[in-house]
Amino acid sequence: DAKTTQPPSMDCAEGRAANLPCNHSTISGNEYVYWYRQIHSQGPQYIIHGLKNNETNEMASLIITEDRKSSTLILPHATLRDTAVYYCTAGGTSYGKLTFGQGTILTVHP
Amino acid sequence: DTGVSQNPRHKITKRGQNVTFRCDPISEHNRLYWYRQTLGQGPEFLTYFQNEAQLEKSRLLSDRFSAERPKGSFSTLEIQRTEQGDSAMYLCASSFGGGVLEQYFGPGTRLTVT
């Protein structure tokens, strides 16, 4: 599994975009990038995934660099409820597991 | 809501006792995963099942740990002779295999070993 690196913490003002970076320089060609988040005392929640192209869903957008060595999760209009630990991970469809790092603690301020 | 459910949500036990946790996955999901999470860390993979077959086990899963998924539906995780180091949140997740691995997590069982 590719190793991922994320900043330990980030702050964001409510209503502004939150841009969370992730480095996955060892990712292989068939590995997807996944993002999850974990709100205190709950299980992780799937947000989005991508392989090469940028992706968008109702929760967030995922921008993957052309060389696939890094990605950015974008929460376009952060709310207080987006305060959570955000995990970036990488894996292939044949893998049975996800490998989580320590993630980024995102704090959204009023 | 028919998400992943886990029981019990909290378990306090004394060192040396055995404990068993149950996970009920989303009904159409054929893959089931167990993870362990300690304070301030991301979840760590323990094991996973495809239907009733246990396909991968982490080295973290010592011989005191055993997991089963007898009919390919719910799963149990048993810890024998618990130690204080087993205190953690035990998370279960499920996914519909054969495609991209979007895993859906349950709320977890918090184990405290005194």
Side-chain angles (χ1 to χ4, degrees), chain A residues 1-9 20 22 24 27-53 55 57-60 62 64 73 84-106, chain B residues 1 3-6 9-10 21 23-26 29-51 53-61 67 69 75 88-110:
Chain A
D1 296 346
K3 180 177 167 54
T4 59
T5 306
Q6 300 176 253
S9 64
L20 293 96
C22 178
H24 33 78
I27 196 170
S28 63
N30 64 347
E31 286 185 308
Y32 286 77
V33 178
Y34 299 86
W35 283 83
Y36 286 76
R37 74 180 183 184
Q38 187 172 26
I39 296 170
H40 184 62
S41 297
Q42 298 181 20
Q45 176 191 24
Y46 165 81
I47 301 173
I48 199 168
H49 71 272
L51 184 62
K52 296 180 184 177
N53 301 321
E55 303 287 345
N57 63 20
E58 64 278 6
M59 291 183 67
L62 174 61
I64 303 174
L73 179 75
V85 181
Y86 286 78
Y87 296 102
C88 163
T89 182
T93 59
S94 62
Y95 289 176
K97 66 182 182 183
L98 294 170
T99 301
F100 293 88
Q102 291 187 307
T104 296
I105 300 171
L106 174 68
Chain B
D1 186 290
V4 178
S5 62
Q6 293 187 246
R9 293 292 309 277
H10 302 274
F21 311 140
C23 171
D24 288 90
I26 294 171
H29 286 184
N30 60 346
R31 290 190 179 189
L32 186 147
Y33 313 81
W34 285 99
Y35 293 82
R36 181 173 69 185
Q37 186 174 27
T38 54
L39 198 62
Q41 304 297 315
E44 297 174 291
F45 170 80
L46 292 178
T47 189
Y48 103 93
F49 293 84
Q50 182 161 315
N51 300 313
Q54 188 172 19
L55 295 187
E56 187 172 351
K57 292 169 60 173
S58 164
R59 286 171 293 177
L60 294 173
L61 214 65
R69 194 183 183 198
S75 176
M89 176 77 84
Y90 290 84
L91 293 160
C92 175
S94 69
S95 72
F96 183 69
V100 179
L101 298 176
E102 301 167 33
Q103 295 185 18
Y104 294 86
F105 284 79
T109 295
R110 180 166 295 284

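Throughout, a chain's letter reflects where its sequence line sits, starting with A, and its residues are numbered from 1. Remember, it's a predicted structure, so these values are computed and weren't measured experimentally.
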Candidate list B:Arg31, B:His29, B:Gln103, test side-chain hydrogen bond (donor to acceptor under 3.5 Å, both in side chains), partner B:Ser94, passing option: B:His29
Choice from B:Pro43, B:Gly42, B:Gly108 maximising heavy atom contacts with chain A below 4.5 Å: B:Pro43
Region of B:Glu44 that comes under 4.5 Å of a non-hydrogen atom in chain A: neither
Contact class of A:Ser41 relative to chain B, heavy atoms under 4.5 angstrom: backbone
Which atoms of B:Leu55 approach chain A - backbone, side chain, both or neither, heavy atom under 4.5 Å: neither
Parallel, tilted or perpendicular: rings of B:Tyr35 and A:Phe100 (30°, 60°): perpendicular
Contacts of B:Ala88 that satisfy side-chain contact (heavy atoms from CB on, under 4.5 Å) - sequence neighbours left out: B:Arg36, B:Thr38, B:Tyr90
Interchain contact, A:Gln45 with chain B, by part (heavy-atom threshold 4.5 Å): neither
Aromatic ring pairing A:Tyr36/A:Tyr46, orientation class (parallel under 30°, perpendicular over 60°, tilted between): perpendicular
Under 3.5 Å side-chain donor-acceptor pair for B:Ser95 and B:Tyr33: yes
